[in-house]
Every structure is written in C-alpha cells, then in structure tokens.
Amino acid sequence: MTIKAFVYDAYGTLFDVHSVTEKAEFHFKGHGKSISEEWRKKQVEYFMLHQLTGTYIPFSEITRNALLYTLKKFSLQCNEEALVSLTEAYLELQVYEEVPGSLHSIQQNNMKQVIFSNGTYKMLKPLVKKRELTDVIDLLSIEDVQQYKPAPAAYQYAQETLAVNREEILFMSSNYWDITGAAAYGFKTAWINRGNLPLDVLGIKPHYIFSSLKDLENEKELHSL
C-alpha cells in the first residue's frame, strides 16, 4: 500500500533533547550532562505514569516536574529564575544537523509531512518556527485528545486526523517505545537509530532502521510512490 504521509516524533528524532546540557551546565557547573540525562529519563517515566493512571497533565508541566525531581536528586538548589531558564530551553532545542535539509528535500516530492508529539503546541510551535520548518511540516499534538503515546488512542487520533489508512503512514521516531506503540497500532515504522543501539527485545521490529533522516531522504522507494 502506498505511503501517503511521513509522520515524525519530535523529541530525540528531529530535535536534540540533550541540547539543554549547555544551559544546565551554565546554571549548575559540572552537572550539565547528568541533569540532561536524568531530566529526560524522568520526563518519559512521568508521562508514561500519567497515561497509565489516567491522570493527564500537559507535557509542559511534566517537563517542569521532571526537572524539579532531577534537581532534588542531585541536591541542587534552584531559584525561580534558573528554573524558568531551564524549562524554556525546551523551546530552543537544537535541530539535528541533517533535519532541515532532509525535510525540505522530501517536501519537494509532495509528500505530506507531520510532527506528531507528546509535546504541547506551545512547546512545538517555537521549535518549528525557530528552525524555519513551518513551511515544510505540520503539527499534531496529543494534547488534542490527552492520550500520551504509546497509547493506541494517540496513534488513532493521528490516523483519523490525517484521514488515511494506518498502513499508509510511515511513522518515524528515535524512541523505541514510540516505534513499538506505532507498529502495534498498525503504522509502517522507521526507527531513527541515532545512537547505533541494538533492537529492544519486545517482539516488535520496525519496518526500516535509519541512522538519520539522511537515510530516509535517500530511500527513494518510499517517497517516489
């Protein structure tokens, strides 16, 4: 079946969540890398728990709460100014180097491109605007249905909004939990394996494995259909 839409996760796939390290290092010298890693770990854990317990709160609140936990874990004192500065780093994440060129190149083949993220629109819109991607990609957020990925209801929302069959969507993410959820729902999937990691042992494999979007750009079979 023909692929009609390329759907991308945002965090870790198009935008580098660990680009917050520099600002974390500025506020807490010697702790930047550890803050970034623990912050992301707790962020994922928190939205998974909120989904499982049916206690939805926006991703922006989850991001702030995960940061508060991280600072407590490392016994770091943080005033409100520094806390705001760090949380706003998520509005300024670096885009991976190849992403703008790849998205623009793929768009020339008239392929519909959409970001589908657990992030809120207020978090995603500044990223897309800052990296000059507004003209090549649309935005969808789970806040419309308050169902975090990898819940099936989240992917169903994306499919119904795009108004295509689930097999006509190629969903891409660097997060294997996201690939697992999308594949289980019935999307075609491409794992953007930026870290050259082994496959998780979950009984579900992606249809494609790419090291970056450059590999996707070169996969002419996909976007020439």
Note: Thr120 and Ser60 closest approach over all heavy atoms is CG2-N, 4.1 Å
Q) More than 12 non-hydrogen atoms from neighbouring residues, nucleotides or ligands closer than 6.0 Å to CD on Glu92, yes or no? A) yes
Which atom pairs, donor and acceptor, lie under 3.5 Å between side-chain atoms of residues 4-19 and protein residues at least two apart or in another chain?
residue: Lys4; atom: NZ; partner: Glu168; partner atom: OE2; Å: 3.4
residue: Tyr8; atom: OH; partner: Gln113; partner atom: OE1; Å: 2.6
residue: Asp9; atom: OD1; partner: Lys149; partner atom: NZ; Å: 3.1
residue: Asp9; atom: OD2; partner: Thr13; partner atom: OG1; Å: 3.0
residue: Asp9; atom: OD2; partner: Ser173; partner atom: OG; Å: 3.4
residue: Asp9; atom: OD2; partner: Asn175; partner atom: ND2; Å: 2.8
residue: Thr13; atom: OG1; partner: Ser174; partner atom: N; Å: 2.8
residue: Thr13; atom: OG1; partner: Ser174; partner atom: OG; Å: 3.3
residue: Asp16; atom: OD1; partner: His18; partner atom: N; Å: 2.9
residue: His18; atom: ND1; partner: Ser36; partner atom: OG; Å: 2.5
residue: Ser19; atom: OG; partner: Asp16; partner atom: O; Å: 2.6
residue: Ser19; atom: OG; partner: Gln94; partner atom: N; Å: 3.0

**Request:** Flag yes if more than 12 heavy atoms outside Glu80 fall under 6.0 Å of its CD atom; otherwise flag no.
**Result:** yes
* With the threshold set at 4.0 Å, does a side-chain nitrogen-carboxylate oxygen contact exist between Lys122 and Glu61? -> no
Shortest non-hydrogen pair, Leu71 vs Cys78, comes out as CD1-CB, 3.5 Å
Practice prompt. Step by step, work out the salt bridge (Lys or Arg N to Asp or Glu O under 4.0 Å) result for Arg194 and Glu98.
Written response: CA-CA 12 Å; Arg194 295 188 178 279; Glu98 88 287 356; 2.7 Å; yes
Output for pair (Leu83 CG, His27 NE2), nearest 0.5 Å, gives 9.5 Å
Would you call Leu170 and Leu216 a side-chain contact if the rule is heavy atoms closer than 4.5 Å? yes
By side-chain hydrogen bond (donor to acceptor under 3.5 Å, both in side chains), Arg131 pairs with (sequence neighbours left out) none
Sequence neighbours excluded, the answer for side-chain hydrogen bond (donor to acceptor under 3.5 Å, both in side chains) partners of Gln156 is Glu160
Any donor-acceptor pair under 3.5 Å from Thr63 side chain to Phe59 backbone = yes
Here the ring pair (Phe, Tyr, Trp, His ring centres under 6.0 Å) pairs for residues 100-148, sequence neighbours left out, are Phe47-Tyr148, Tyr56-Tyr148
All heavy atoms of Lys23 vs all of Ala89, minimum pair found to be CD-CB, 4.0 Å
- request: Spell out, as yes or no, whether a donor-acceptor pair under 3.5 Å connects the side chain of Thr53 to the backbone of Leu49.
  value: yes
Checklist entry - Would you call Trp177 and Leu202 a side-chain contact if the rule is heavy atoms closer than 4.5 Å? => result no
Exercise. In plain terms, say whether Lys42 and Glu45 are close enough for a salt bridge, that is, a side-chain N and a carboxylate O under 4.0 Å apart.
Key: yes
Phe74 atom CZ: more than 12 heavy-atom contacts under 6.0 Å: yes
When every non-hydrogen atom of Tyr155 is compared with those of Ala182, the smallest separation belongs to CZ-N, 3.5 Å
Original post:
Side chain of Arg166, backbone of Tyr185: donor and acceptor closer than 3.5 Å?
Top reply: yes
message = Could you check whether any side-chain N or O of His207 sits under 3.5 Å from a backbone N or O of Ala190, counting only pairs where one atom can act as donor and the other as acceptor?
response = no
| request: Taking the side chain as every heavy atom from C-beta outward, state whether Leu76 and Ile35 have any atom pair closer than 4.5 Å. | output: yes
Residues passing the side-chain hydrogen bond (donor to acceptor under 3.5 Å, both in side chains) test with Lys72, sequence neighbours excluded, are none
Could you list the donor-acceptor pairs under 3.5 angstrom formed between side-chain atoms of residues 132-142 and any protein atom two or more places apart in sequence or on another chain?
residue: Asp138; atom: OD2; partner: Lys112; partner atom: NZ; Å: 3.0
residue: Ser141; atom: OG; partner: Gly119; partner atom: O; Å: 2.6
residue: Ser141; atom: OG; partner: Glu143; partner atom: N; Å: 3.0

With the side chain counted from C-beta on, respond yes when Ser212 and Tyr96 share a heavy-atom pair under 4.5 Å apart, and no when they do not.
no
**Asked** Taking Gln159 for the side chain and Val164 for the main chain, is one N or O donor matched with an acceptor at less than 3.5 Å?
**Response** yes
CE (Met123) and CG (Leu93) are apart, to the nearest 0.5 Å, by 8.0 Å
Looking only at heavy atoms, the pair that brings Glu25 and Gly32 closest together is OE1-N, 2.8 Å
- Mind checking whether Leu86 and Val20 have side chains closer than 4.5 Å, heavy atoms only? no
Q.
Within the structure provided, determine whether Ile209 and Leu199 are in side-chain contact (heavy-atom separation under 4.5 Å).
A. yes
- prompt: Taking atom types as modelled and ignoring hydrogens, do the side chains of Asn65 and Tyr46 form a donor-acceptor contact shorter than 3.5 angstrom?
  reply: no
Any side-chain heavy atom of Thr180 sitting closer than 4.5 Å to one from Asp200?
no
